[in-house]
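Only a predicted model underlies this, so the values are computations on that prediction, with no experimental measurement involved.
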Amino acid sequence: TERRAQRRERAVKKAGSELHLSDRFQILEKLGDGGMGTVYKVQDTSIDETLAVKVLNPVFARDFSKKRRFIREIKALEQLDHSNIVTVYG
């Protein structure tokens, strides 16, 4: 939803040259870059779990069609349930 996307955008901010994902996630390492964004290995401090977080490239954040594609990707992945596919929390 638009409101959820706005909250997610507010949670992602630049801290100097280092990306900071709210106080909930501690970035452990950058896993890779793709066409739409960057994936980070993070520690979720609220549940003490290691997760992967994909962050939309800031250049695309202003492009409605790119944001829509990113959201479609999330929704498609949420439908999948397999041991070789990560669980998506949108």
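- Taking CD of Gln43 as the reference point, atom CG of Asp48 lies at 5.0 Å (rounded to 0.5 Å).
- Glu49 contributes atom CD, which lies 6.5 Å from atom CG of Leu51 (distance to the nearest 0.5 angstrom).
- Hydrophobic clustering (side-chain heavy atoms under 4.5 Å, transitive across Ile, Leu, Val, Met, Phe, Trp, Tyr) groups Ile74 together with Ile85.
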Determine all donor-acceptor pairs shorter than 3.5 Å in which one atom belongs to a side chain in residues 26-38; sequence neighbours excluded.
| unit_1 | atom_1 | unit_2 | atom_2 | d |
| --- | --- | --- | --- | --- |
| Lys30 | NZ | Asp33 | OD2 | 2.9 |
| Asp33 | OD1 | Thr38 | OG1 | 2.6 |

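- Each of Arg69, Glu73, Lys75 was evaluated against Ile71; a single residue qualifies, Lys75, per the side chain to side chain contact (heavy atoms under 4.5 Å, CB included) test.
- In this structure, CZ on Phe70 lies 10.0 Å from CG on Asn57, to the nearest 0.5 angstrom.
- For Gln79, the side chain to side chain contact (heavy atoms under 4.5 Å, CB included) criterion is met by no residue, not counting sequence neighbours.
- Remark: Arg62 pairs with no residue by the side chain to side chain contact (heavy atoms under 4.5 Å, CB included) rule, at least two apart or across chains.
- In this structure, His82 and Leu80 have side chains that are not in contact, with every pair of non-hydrogen atoms separated by 4.5 Å or more.
- Partners of Asp44 under the salt bridge (Lys or Arg N to Asp or Glu O under 4.0 Å) rule, at least two apart in sequence or in another chain, are Arg24.
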